[in-house]
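A, B, ... follow the sequence lines: proteins, then strands. Residue 1 opens every chain. Since the model is a prediction, treat every value here as computed from it, not as a measurement.
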Protein chains: 2
Amino acid sequence: MANQSKKPDVTIYDIAEALEVSPSTVSRSLKEHPSISKKTIRKVRNQAEKMGYRSNIFAQNLRRQKTNIIGVIVPRLNSHFMSSAISGMERVANKNHYKIIISQSHETASDEAGSVEMMLEQRVDGLIVSLAYNTEDMTHFDTVIEQGTPLIFFDRVAELTNSTNVVIDNYQAAYDSVSHLIDQGCSRIVHITGNTSRNVYSGRLNGYRQALLDHELSFSEDLVFINDLQERDGQEAAEKILQMDPRPDAVFVSNDVCAVSCMTHLQENGIRVPRDIAIAGFNNDPISRFVKPKITTVDYDGQRVGEVVAQNLINHLEGDDHISITNTIVLNSELIIRASSQRSKQTK
Amino acid sequence: MANQSKKPDVTIYDIAEALEVSPSTVSRSLKEHPSISKKTIRKVRNQAEKMGYRSNIFAQNLRRQKTNIIGVIVPRLNSHFMSSAISGMERVANKNHYKIIISQSHETASDEAGSVEMMLEQRVDGLIVSLAYNTEDMTHFDTVIEQGTPLIFFDRVAELTNSTNVVIDNYQAAYDSVSHLIDQGCSRIVHITGNTSRNVYSGRLNGYRQALLDHELSFSEDLVFINDLQERDGQEAAEKILQMDPRPDAVFVSNDVCAVSCMTHLQENGIRVPRDIAIAGFNNDPISRFVKPKITTVDYDGQRVGEVVAQNLINHLEGDDHISITNTIVLNSELIIRASSQRSKQTK
DNA sequence: TTGTACGCGTTATCAG
DNA sequence: CTGATAACGCGTACAA
C-alpha cells in the first residue's frame, strides 16, 4: 500500500525519559562530551542502541546552521571524465562525513541557474560547479558569493572573484599535442573543439595556434571546427574533412569520444590512420585505448580532479587552512602518445 | 580568508516585522494559502523578494517530517550504465522537485551498510539501491524496511519483501545471445560473468546454460569464468582462452568493457574475430560500437532504467498510485547483433 | 482574513 | 558532572 506510515522516530527525550535523566545529558552523552561520566555515557548509548535512536539531522542543521552537504552541478553526468570526477568527490566527501547532492545543468545556462537556486535552498555548505556549454551570464552565482557560500569551479571554470578554480593547463596540453603532431611530419592540422567561451576550449585553441606559429605553420580559421564534441559531431567533422582539398594530415580533437567517432568515420571511408591522417584526442577516456589504432591523448584524470576539488572545499569549510578562496589550482596533465599519431618521419 | 562569515539569513519574522504583520501571515502568503487576500500575498512576496528571503529547508523538514530527498546507493559511479542510470534518476527527480543524494558502496558490503546508515540519518524519503558485488547478508536493509522508508532496487536486486525491483529479463537476454551464437555455428561457448549471488549474473548464467541444453550442446563448468568483469579480467580471461584445447569458438561476456578488453587481447594474439572466435557482450556501452569489429551486445538502457526507478519511487511517495511496493518491474532489453558474432554458417 | 502560541528535535548557555 | 531553559525557522490548530 502506498500509505504505509513511517514509524515515529525515537528522540533524545524518549531516551531521557526511559533513563530518568535530562535530555541535555542524553545529548551530551551521545557526542561524548568531556564533562559526562563514562558510566552515564555508556548507559545512554546502550539505551539509544536498544531503542533504535537515530539523531535527527534537520534539528541538528537547524541549530548548527550547517548541513555537511556539498552541492555539485555538472553539465551532464554520463561522460567518463565527469562520472570519474564525481566518484572522486564522493570518496573524499564521504571520508570527511560530508554528503554530496548532485544536479545536472544539461548543458544549458537556465538549468544551471535553477540548480544553483536549488542548492541554496538546500543550504549546502559549499558548491562545486563545472559550467554548462553556453553559460555566458554569470549573475546566477552572485547570490552564492554574497551569501558567503564557498564556491569552487573545476574544468569549465568562471573567472569570478571569491571563487577557486581547479584546472589543468589546457594551453600547454594542446601546445604539446600539436607540437607532437608537427614533429611527426604533419603540417595541415585540423582542430575540433567546443564553444570558446569556455576556458578549456579557448585555452586549447590558443595552444594549438601558438604551436603552429612557433613551428612556422600558418593558422587558419578554416581548419578550426567548433561543435558540441559529441559522437555525431565527430562524424560530421569527418565528412567535412573528406571533402577538403588539400586534405588535412592530422586532427587534434578536444575530447576522445569525438576523436574516436571522427577517426572511425574516416577509416570507414578509406583513410588510413595515422598514415594518411594522424589523430590526437583529449581526456584519456578508456575508449581511446580500445580503438585501433589506439589514440594519442592527454591524460586528464577525473577521479583525481574530483578528489582535489572536494578536499580543497572541505579544507576551506573546516578552516583547516589559510588558503584564500580566490585561487587557481593547476593540476598536471600528461601527453600520452599512442599509435594514432605515430608515423615515420616524412619530408615536409 | 577561510573564516568569512555567512550572511545571516532572512526569516519570515524579518519580513513580518518589516510589513507589520504576523509571521503566520507571511508563512501562508508565501505558499499562496487560499485564505489570504491577493493583496497581502503580493505585498509579502515583494518584500520577500526585496529582502532576499529563502525558506529554511531544515525548519520545513523538521515540521513536515519529509525531506524531498532520494538516496541512491550504487556500487560505483563511473561505468556508462551507472552514470546513465543516475542521469535518468536526476532528471525525473528534478522535474518532481526531489533532490538526489548519492553514495558509492565501492562494491563492498560494509561500505554499503555504511551508506544505508548515512541515508537514514539524512532522513531520505526513499532509497534506491543497486547491490555491491559481494553483498550476501541483507540485514542492513532491515531498518530501512521497519522504518517504513520505501526501498527500490535496480539492476542488482535483492529478493526482499516490501521492496520493489526494477530489472530486465537477464535469463532471456542471455538465452537469446547464446542462441544467436549457436545459430552462427558456434558450439564451444565460454561465458564470462560475475558473482552468481547477484541476480543479474545468475540469471545470465542460467540463460546461457539453458540455451546450450536446448540446442543439444553440453554445459560445462570449465567454460564458465567468474570474475569482476573489469578491464584486466578480460585480459586474463583471454589468456586462459588462448591456452585452452580445444579452443572455444565463442565468448559471451556479461559486460561490454570486459568483452572488449578480452577481444582486443585475443586479437593481439592473432585470433580473428568473429572467424576464429565470435564475441558477444552486454549493456550496449558506447565502447561496443567503436571497436573493430563492433560487438554484438544487449541493449540495456541505463537512462531509462534510472527514469523508471525514480518515477516509480516518486509515484509511491506522492501516493499517486496504488501499486504495492512489493513488486517487480521488468523492462525490455534487446539483442543487438553486430559484426563480432556474424559469420558465414559452418558445418558443425 | 489574520494573529497567537506551540511543537518539531537538537544544542548551547547558564546555573547548580 | 548534570539539569533547566532558550533558541534555531517554520507550519498549523485554534482563536479572534
dT10(C) P sits how many Å from Lys66(A) NZ, rounded? 19 Å
Check whether any side-chain N or O of Tyr13(A) sits under 4.0 Å from OP1 or OP2 of dA4(D), and answer yes or no. no
Return the minimal non-hydrogen interatomic distance between Ala48(B) and Leu30(B), and the atom names on each side. CB-CD1, 4.2 Å
Measure from the side-chain heavy atoms of Ser37(B) and tell me the nearest of dC8(D), dT2(D), dT1(C). dT1(C)
What's the closest nucleotide to the side chain of Arg63(A) if the choices are dA7(D), dT1(C), dG9(D)? dA7(D)
For Thr11(B), report the nucleic acid contact type (base, sugar-phosphate, nothing); a contact means any heavy atom under 4.0 Å. sugar-phosphate
How long is the line joining NZ of Lys43(A) and P of dC1(D), in whole Å? 14 Å
Pick the nucleotide of DNA chain C nearest each of Leu62(B) and Ile36(B); which residue has the one closer to the 5' end? Ile36(B)
Can you check whether any acceptor in the base of dG3(C) is under 3.5 Å from a donor in the side chain of Arg28(B), or vice versa? yes
Name the residue closer to the 5' end of DNA chain D, choosing between Ser55(B) and Val21(A) according to the nucleotide with the nearest heavy atom. Val21(A)
When rounded to whole Å, the NZ to P distance for the pair Lys38(A) and dC1(D) reads 7 Å
Test salt bridge (charged side-chain N to carboxylate O under 4.0 Å, His left out) on Arg156(B) and Glu107(B); report intermediate values, then the result. CA-CA 11 Å; Arg156(B) 311 213 292 216; Glu107(B) 298 282 18; 2.4 Å; yes
What's the verdict on side-chain contact (heavy atoms from CB on, under 4.5 Å) for Ile69(A) and Lys99(A), showing C-alpha distance, side-chain angles and the deciding distance? CA-CA 5 Å; Ile69(A) 295 182; Lys99(A) 276 75 63 180; 4.2 Å; yes
Pick the nucleotide of DNA chain D nearest each of Gln65(A) and Val26(A); which residue has the one closer to the 5' end? Val26(A)
Rounded interatomic separation in angstrom, taking CG from Asn56(B) and P from dC8(C): 18 Å
So if I take every side-chain heavy atom of Thr40(B) and compare against dC1(D), dT1(C), dC8(C), which nucleotide ends up nearest? dT1(C)
Length of the NE2-C1' vector between His33(A) and dG3(D), whole Å: 13 Å
Just checking Lys50(A): does its NZ atom have more than 12 heavy atoms from other residues, nucleotides or ligands closer to it than 6.0 angstrom? no
Distance test, side-chain N/O of Ser27(A) to OP1/OP2 of dT11(C), below 4.0 Å: yes
Strictly distance-based, threshold 3.5 Å: is any side-chain N or O of Ser103(A) a donor or acceptor partner for the main-chain N or O of Ile73(A)? no
Taking the side chain of Ser24(A) as its heavy atoms from C-beta onward, which of dT2(C), dT2(D), dA12(C) lies nearest to it? dA12(C)
Could you walk me through whether Leu131(A) and Phe141(A) pass the side-chain contact (heavy atoms from CB on, under 4.5 Å) check? CA-CA 11 Å; Leu131(A) 289 171; Phe141(A) 294 111; 3.7 Å; yes
Quick one: is Thr25(A) getting a side-chain N or O under 4.0 Å of the dG3(D) phosphate, OP1 or OP2? yes
Length of the line joining Ile12(B):CD1 and dA5(C):C1', which is rounded to integer Å: 13 Å
Glu17(A) CD to dG9(C) P, in whole Å, measures 13 Å
Does a side-chain N or O from Ser35(B) land closer than 4.0 Å to OP1 or OP2 of dT1(C), or not? no
With a 4.0 Å cut-off on heavy atoms, is Phe58(A) in touch with a base, just the backbone sugar-phosphate, or nothing at all? nothing
Taking CD from Gln60(B) and C1' from dC8(D), how many angstroms apart are they, rounded to a whole number? 14 Å
